[in-house]
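Quick note: residue numbers are just sequence positions, from 1.
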Amino acid sequence: MQSNDRHTLMVADHGVDPSPLPGVDEQRSGVSGNGDGARGKDSRGSLRHDILVWCGIPILVVLLVRILLIGCYVIPSGSMLDTIRPGDKIATVKTMTHLVPLHRGDIIVFKDPADWLPAEDGNAFGDEYLIKRLIGMPGDVVACAGAGHPVTVNGVAIDESAYLRDGVDPSAFPFRVEVTEGHLFVMGDNRANSADSRYHQDDSEHGLVPVSDVVGVAIGRYWPFDRVGAMADHRDVFADVPDASTDTAAGASMNESADMSDTGKER
């Protein structure tokens, strides 16, 4: 009986022995240490992820906008004085016909349509691009009776004083151009020093710019700092100009021919 009790006590004593088993503390310590390390790695990974999201994505968006939507150019010549001065840096919205429709009055950047550049006084667009103001849309009749007379579009005289350089005539010589389908008529704001559509009527494009050659519409100046700001398009100047039509073009043709004939007699 006693031996049985003794055996039972010994077994019970073994079951409640409070002394730690060999290596248990070390294992617990190791588990705790590994947990802290894992949490540290997770924290650093989360930080890198946040930096990528909050910094990387905005940079990527800016780059995509710059590449796909915005063009930047340095202006080398004085053909657009005083609106744009030599050395000005301008930003343009790249043209996509269905997203950025063109309007009379827009300042546009376009590829050289027919070797216009030799007539310009310098070019910093990589010998490929020019900048002018859009005056005539496809189907328009653009004309002027010469010095002292306004430019007319579809028979309506336009007041260009808002953007023409002071002291410069709308045109020092008479001209009349019918803008063909898919083309534009352009002029510089400094008419006395702009080899624009008026001067190239004998070239392969008859002085007109193919719509497909337009690469951007000027929206603002970002250099120099004291002249930073939006670029006015002055579309209001053309507010009274009717849309081009056969009747309008015919009427404009007769009126402008008469005006230029009278001017010739006076001279």
Side-chain angles (χ1 to χ4, degrees), residues 71 73-81 83-84 86 90 92 94-95 97 102-147 149-155 158 160 163-165 168-218 238 241 244 249 252-253 256-257 259-261 263-264:
Y73 301 92
V74 179
I75 307 305
S77 74
S79 69
M80 285 296 291
L81 284 168
T83 305
I84 304 174
I90 65 166
T92 68
K94 294 186 177 181
T95 52
T97 307
L102 298 173
H103 300 273
R104 301 182 191 97
D106 287 345
I107 298 174
I108 60 174
V109 174
F110 55 94
K111 297 177 183 177
D112 185 354
D115 297 322
W116 289 18
L117 287 171
E120 293 286 329
D121 58 344
N123 173 60
F125 288 7
D127 293 333
E128 185 178 2
Y129 301 108
L130 297 104
I131 185 167
K132 305 291 180 189
R133 190 176 297 277
L134 198 170
I135 303 297
M137 297 290 289
D140 286 348
V141 175
V142 184
C144 182
H149 294 269
V151 167
T152 63
V153 181
N154 297 336
I158 56 175
E160 300 183 277
Y163 52 77
L164 281 185
R165 192 177 191 190
V168 174
D169 278 320
S171 182
F173 56 89
F175 70 88
R176 180 187 173 280
V177 174
E178 294 183 21
V179 185
T180 56
E181 187 66 27
H183 291 79
L184 306 168
F185 185 92
V186 300
M187 301 174 78
D189 289 354
N190 183 10
R191 301 285 164 81
N193 187 29
S194 176
D196 47 44
S197 288
R198 299 169 297 162
Y199 287 87
H200 298 281
Q201 296 181 48
D202 295 328
D203 66 23
S204 60
E205 296 289 350
H206 306 293
L208 303 176
V209 177
V211 174
S212 59
D213 284 352
V214 178
V215 297
V217 176
F238 303 84
V241 174
S253 177
E256 288 151 1
S257 295
D259 288 343
M260 284 189 279
S261 176
T263 303

If you measure from [atom1] on [X] to [atom2] on [Y], what distance do you get to the nearest 0.5 Å?
X: L102; Y: I108; atom1: CG; atom2: CD1; value: 6.5 Å
X: K132; Y: N190; atom1: NZ; atom2: CG; value: 9.0 Å
X: H183; Y: E178; atom1: NE2; atom2: CD; value: 14.0 Å
X: T152; Y: I158; atom1: OG1; atom2: CD1; value: 8.0 Å
X: S77; Y: I131; atom1: OG; atom2: CD1; value: 8.5 Å
X: H206; Y: T180; atom1: NE2; atom2: OG1; value: 7.5 Å

Shortest non-hydrogen separation from [X] to [Y] and the atoms involved:
X: L184; Y: P138; result: CD2-CD, 3.8 Å
X: P210; Y: P113; result: CD-CB, 3.9 Å
X: A192; Y: V168; result: N-CG1, 3.6 Å
X: H103; Y: D106; result: N-OD2, 2.8 Å
X: P76; Y: V74; result: CD-O, 3.4 Å

Legend entry - Full working for side-chain contact (heavy atoms from CB on, under 4.5 Å) between E205 and H200: CA-CA 8 Å; E205 296 289 350; H200 298 281; over 6 Å; no
Inset, instruction - Please answer whether the main-chain N or O of A218 pairs with a side-chain N or O of T92 as donor and acceptor at a distance below 3.5 Å. - result: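 No, because the side chain of T92 does not come within donor-acceptor range (under 3.5 Å) of the backbone of A218.
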Legend entry - Short side-chain to backbone donor-acceptor contact, S171 and F173, under 3.5 Å: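 Answer holds: yes.
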Legend entry - Test log, rule side-chain hydrogen bond (donor to acceptor under 3.5 Å, both in side chains), inputs D196 and W116: CA-CA 8 Å; D196 47 44; W116 289 18; over 6 Å; no
Inset, instruction - Would you confirm whether the ring centroid of F185 sits within less than 6.0 angstrom of the ring centroid of F175? - result: yes
[X] versus [Y]: any side-chain heavy-atom pair under 4.5 Å?
X: V215; Y: K94; answer: no
X: V179; Y: V142; answer: yes
X: E128; Y: D112; answer: no

Inset, instruction - Test I90 against I107 for side-chain contact (heavy atoms from CB on, under 4.5 Å), laying out the working first. - result: CA-CA 11 Å; I90 65 166; I107 298 174; 5.6 Å; no
Inset, instruction - Start with the C-alpha distance between V109 and V214, add both sets of side-chain angles, then the distance that settles side-chain contact (heavy atoms from CB on, under 4.5 Å), and finish with yes or no. - result: CA-CA 6 Å; V109 174; V214 178; over 6 Å; no
Inset, instruction - May I have all residue pairs that pass salt bridge (charged side-chain N to carboxylate O under 4.0 Å, His left out) and include part of residues 137-147, sequence neighbours excluded? - result: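 Listed by first then second residue: R104-D140.
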Inset, instruction - Any pair with a residue in residues 180-191 that passes salt bridge (charged side-chain N to carboxylate O under 4.0 Å, His left out), sequence neighbours left out, goes on the list, sorted by first then second residue, please. - result: R133-D189, E160-R191
Inset, instruction - Hey, can you tell me if Y129 and Y73 have their rings parallel, tilted or perpendicular (30° and 60° cut-offs)? - result: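 Taking Y73 first and then Y129, their aromatic rings stand perpendicular (interplane angle over 60°).
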Inset, instruction - Test side-chain contact (heavy atoms from CB on, under 4.5 Å) on V186 and S197 and set out the steps. - result: CA-CA 6 Å; V186 300; S197 288; 3.5 Å; yes
Inset, instruction - With sequence neighbours excluded, tell me which residues meet side-chain contact (heavy atoms from CB on, under 4.5 Å) with P86. - result: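 So P86 forms a side-chain contact (heavy atoms from CB on, under 4.5 Å) with L81.
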